[in-house]
Amino acid sequence: MAAAGGGFQDPSEDVLAQAAAAFGLLASPARLHIVWALAQGESDVTGLAERVGGALPAVSQHLTKLKLAGLVRSRREGRRQVYYVDDPDVVEVVRLLVDRLTARVAPARRRLHGL
């Protein structure tokens, strides 16, 4: 690992590849919305589909991809499969990004409504 400006070490190629894969999965608005919803609390696929406005099969496919990547986990509760985000770092990154972007969009919307 080479030192970058400021004395920080560059991450390994493996870490960069894993981060790129995680960000790649979150690049889908639907998957990002699902992770955002699960960061607020666990849910089954029906509840998620209603919340994010997606078709049940599509939400299920997104959950499968997120689960395979280790961004989402699930557990069985009777006949239901309940999904949740078990990684506080993923929750923190998603919340931080969405909160910052929301804060940027709000003033722009206020300016547009004033026209």
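These numbers come from the heavy atoms of this one structure, side chains and all, not from hydrogens, waters or symmetry mates. Fair warning: this is a prediction, and the values are worked out from it, not measured in the lab.
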Treating Ile, Leu, Val, Met, Phe, Trp and Tyr as nodes and any side-chain heavy-atom pair under 4.5 angstrom as an edge, say whether Y84 and V45 lie in one connected cluster.
no
Hey, quick one: are V91 and V93 part of the same hydrophobic cluster, counting side-chain heavy atoms closer than 4.5 Å, chains of contacts allowed?
no
Student check: side-chain heavy atoms of [X] and [Y] closer than 4.5 Å:
X	Y	value
V85	L71	no
L48	D44	no
R51	W36	yes
L38	S43	yes
H62	H33	no
R75	Q81	no

Between [atom1] on residue [X] and [atom2] on residue [Y], distance to nearest 0.5 Å:
X	Y	atom1	atom2	result
L56	L63	CG	CG	9.5 Å
Q61	L66	CD	CG	12.0 Å
L97	E92	CG	CD	12.0 Å
I34	L25	CD1	CG	11.0 Å
D14	Q18	CG	CD	4.5 Å

Is it true that R80 and E77 have a side-chain N and a carboxylate O under 4.0 angstrom from each other?
yes
Check the surroundings of atom NZ in K65: do more than 12 heavy atoms from other residues, nucleotides or ligands lie under 6.0 Å from it?
no
Other residues, nucleotides and ligands only: do more than 12 of their heavy atoms fall within 6.0 Å of CZ on R76?
yes
Looking at every heavy atom in both P11 and L16, which two are closest together, and how far apart are they?
CG-CD2, 3.5 Å
Using modelled atom types and a 3.5 Å cut-off, is there a donor and acceptor pairing between side-chain atoms of R31 and backbone atoms of L26?
no
